[in-house]
J.: 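My structure is below; once you've seen it, I'll send some questions.
Heavy atoms only: backbone and side chains are in, while hydrogens, waters and symmetry mates are out. In this text the structure is predicted, and so the values were computed from the model without any measurement.
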Amino acid sequence: MIVCKFGGTSMADAAQFHQVKKVIEQDPRRQIIVVSAPGKRFPSDQKVTDLLIQSFYEQSPEASRRVIERFSAIQSQLGLPEELLTDVINELQKRVSSTDGELSERLDAVKAIGEEFSARFFAAFLQSQGVQAVFADPRDIGIVMTSPPERATLHEDSYARLKALNESSVIHIVPGFYGYTVNGKLRTFERGGSDITGSILAAAVGAELYENFTDVDFVYAANPNIIENPIQVEEITFREMRELSYAGFTVIHDEALMPVYRKQIPVAIKNTNNPLAPGTKIVGFRPLTERPVTGLTADQGFSILYVSKYLMNRELGFGRKLLQIIEEEGISYEHTPSGLDDISVIIRSHYLDARKEQRIVNRVLQELGAEVAYFRHGLSMIVLVGEGMQNSTGLAARATAAISATGANIEMINQGSSEVSLVFGVLEEDQVKIVRALYNAFFLPVKVKS
Ligand SMILES: Nc1ncnc2c1ncn2[C@@H]1O[C@H](COP(=O)(O)OP(=O)(O)O)[C@@H](O)[C@H]1O
Ligand SMILES: N[C@@H](CC(=O)OP(=O)(O)O)C(=O)O
């Protein structure tokens, strides 16, 4: 049994529906198919999920109209029953105008329309082509979620229920991205969460492989939107992929790796439109290569809380108290590089606003007796990742030299959460030139001086 996930670009229109059907028919083991909402048909297009969010917040008839237009085009081009489109229209109108529940719950219900109807339409299309396929409602098969809305996680009891999918002989078309709480409340994962749905199902049924289909032939050593023709990564460890996915590699969601990793189920990242290409294998272990760094990535939208107090390192519990203040504001943090008399806390900027920042600074100065405390914004995190890094001497020096040669300042350096990553905090405006400099330093053949 193979579990496949097809992302938004793979489900973007009727032609892609035909292509996904072709891919499924290439291997009879492809029995559980997770699909995302229709994504971009071309670079400047909009994902249906983004249009649904607009239709919710802006109560925008234009955004709702464009959602219906996307599904209408698929329905008419595939000759699907009109009732399916009517259902989309009715469900969209009902959920956007609902006043039942908290705002974030109502938003989840609207966002999930994209995946639900992508799956319903695709199942209907396969049936119209004589394929034994059914729409698998997350409520019925047991994708049980825990709160909170928008970033729910799977309830551990789900695995026992989902295992039953193993006994089925028909192809199950499962909408990604969402499930239901024990009280029947719809909850979505974080953005990009259909990857998580696929991983959960693969783990639950003990799949021999989890195939994550997207629109690129490989995972590349750097974002192909920044580096032209980047080096292909044919094999990568779970640990490396998690570090890279966490900080900007949008090709797979970082939380999608743990369920399959626990069961040592291999993952393959493949291209829906070039399915016979080998793709990138995500494995538990791989032999080290001559290249210590496997990939590099960048993610922007970070802030830094800088705190300084003489002899801070001698004050028992100073760090804990500082992080307690952050926690009491409902903020999670990313890194806390520190020195003898100072400490920095790296935070994703979307958690912050002027009033929160002022409250935090005041408490740090008054309650912790800090001499200096302030926020800096507009930072990017650049992450170098590689299993070979831990045994590679001089790597940090090579990286800092490459960054310094661009004229950019390094605001922060930190060992990542595992010894396979190194994190540099830089100004957002320097991000692209630094990614290019690091890519040249670690991936381009060294130009031997003649
Ligand atoms: N290192 C990388 N390797 C491959 N793709 C990457 C990388 N970093 C970013 N990407 C981008 O991720 C995109 C695939 O993710 P996404 O757009 O979410 O696709 P899907 O719709 O299949 O979920 C690729 O088209 C590519 O532009
Ligand atoms: N459609 C949802 C879930 C998802 O995973 O989409 P994609 O597979 O296109 O990244 C989102 O945009 O977040």
Side-chain angles (χ1 to χ4, degrees), residues 3 5 153-154 189-190 192-193 195-200 202-203 206-212 214 216 218-223 230-270 278-299 302 332-337 346 348 381-396 398-399 412-425 435 438-439 442-443:
V3 172
K5 177 260 177 179
T153 54
L154 187 79
F189 291 114
E190 282 188 345
D195 293 330
I196 303 172
T197 305
S199 180
I200 286 163
E208 61 191 281
L209 175 62
Y210 170 31
E211 291 179 316
N212 190 295
T214 183
V216 284
F218 291 94
V219 170
Y220 298 105
N223 189 332
I231 284 179
Q232 301 166 3
V233 178
E234 289 170 10
E235 205 173 56
I236 189 170
T237 63
F238 280 102
R239 195 163 60 152
E240 290 172 321
M241 194 67 226
R242 174 159 164 71
E243 291 278 347
L244 289 166
S245 304
Y246 175 70
F249 263 28
T250 58
V251 67
I252 191 165
H253 192 290
D254 64 291
E255 289 179 24
L257 296 166
M258 193 47 75
V260 283
Y261 174 69
R262 280 200 197 113
K263 295 282 189 82
Q264 286 299 303
I265 295 173
V267 180
I269 309 260
K270 295 187 175 181
T280 294
K281 304 268 183 308
I282 305 178
V283 294
F285 303 94
R286 66 173 175 76
L288 294 184
T289 64
E290 78 292 341
R291 190 173 277 137
V293 178
T294 301
L296 74 99
T297 185
D299 203 7
F302 290 88
S332 58
Y333 68 91
E334 307 298 329
H335 305 280
T336 53
I346 310 297
R348 286 191 182 272
M381 294 297 127
I382 313 259
V383 188
L384 286 175
V385 177
E387 293 285 353
M389 286 171 61
Q390 48 197 326
N391 309 319
S392 174
T393 51
L395 189 133
R398 207 164 136 200
M412 179 216 79
I413 298 179
N414 203 30
Q415 173 77 44
S417 56
S418 61
E419 64 272 28
V420 297
S421 67
L422 191 56
V423 185
F424 295 94
V435 166
L438 288 171
Y439 183 82
F442 288 98
F443 294 97

J.: With side-chain contact (heavy atoms from CB on, under 4.5 Å) as the test, would you mind laying out the steps for I265 and V3 before giving the verdict?
T.: CA-CA 11 Å; I265 295 173; V3 172; over 6 Å; no

J.: Can you check whether T294 reaches E387 side chain to side chain, under 4.5 Å on heavy atoms?
T.: no

J.: Can you tell if the side chain of V251 reaches within under 4.5 Å of the side chain of Y220, non-hydrogen atoms only?
T.: no

J.: Can you check whether R286 reaches E240 side chain to side chain, under 4.5 Å on heavy atoms?
T.: yes

J.: Output yes when a side-chain donor or acceptor of K270 lies under 3.5 Å from a complementary backbone atom of G279, and no otherwise.
T.: no

J.: Under 4.5 Å between any side-chain heavy atoms of R242 and D254, yes or no?
T.: yes

J.: Which heavy atom in Y210 sits nearest to a heavy atom in A202, and how many Å separate them?
T.: CB-CB, 3.9 Å

J.: Quick one: closest heavy-atom pair of L384 and A399, and the distance?
T.: CD1-CB, 3.8 Å

J.: Can you name the nearest heavy-atom pair linking P278 to K281, along with the distance?
T.: O-NZ, 3.0 Å

J.: Mind checking what makes side chain to side chain contact (heavy atoms under 4.5 Å, CB included) contact with A222, not counting sequence neighbours?
T.: I227, L296, Y439

J.: Run the numbers on V423 and M412 for side-chain contact (heavy atoms from CB on, under 4.5 Å), then give the verdict.
T.: CA-CA 8 Å; V423 185; M412 179 216 79; 3.9 Å; yes

J.: Looking at M241, is its backbone amide N or carbonyl O close enough to the side chain of S245 to form a donor-acceptor pair, meaning the two atoms are under 3.5 Å apart?
T.: yes

J.: Which residues satisfy the ring pair (Phe, Tyr, Trp, His ring centres under 6.0 Å) test with F218, sequence neighbours excluded?
T.: none

J.: Between the side chain of T280 and the main-chain N/O of I269, is any donor-acceptor distance below 3.5 Å?
T.: no

J.: Decide yes or no on side-chain contact (heavy atoms from CB on, under 4.5 Å) for F424 and M381, but give the supporting numbers first.
T.: CA-CA 6 Å; F424 295 94; M381 294 297 127; over 6 Å; no

J.: Just checking Y333: does its OH atom have more than 12 heavy atoms from other residues, nucleotides or ligands closer to it than 6.0 angstrom?
T.: no

J.: Are the side chains of V385 and F249 in contact, using a 4.5 Å heavy-atom criterion?
T.: no

J.: For E255, check side-chain hydrogen bond (donor to acceptor under 3.5 Å, both in side chains) against everything at least two apart and list the hits.
T.: none

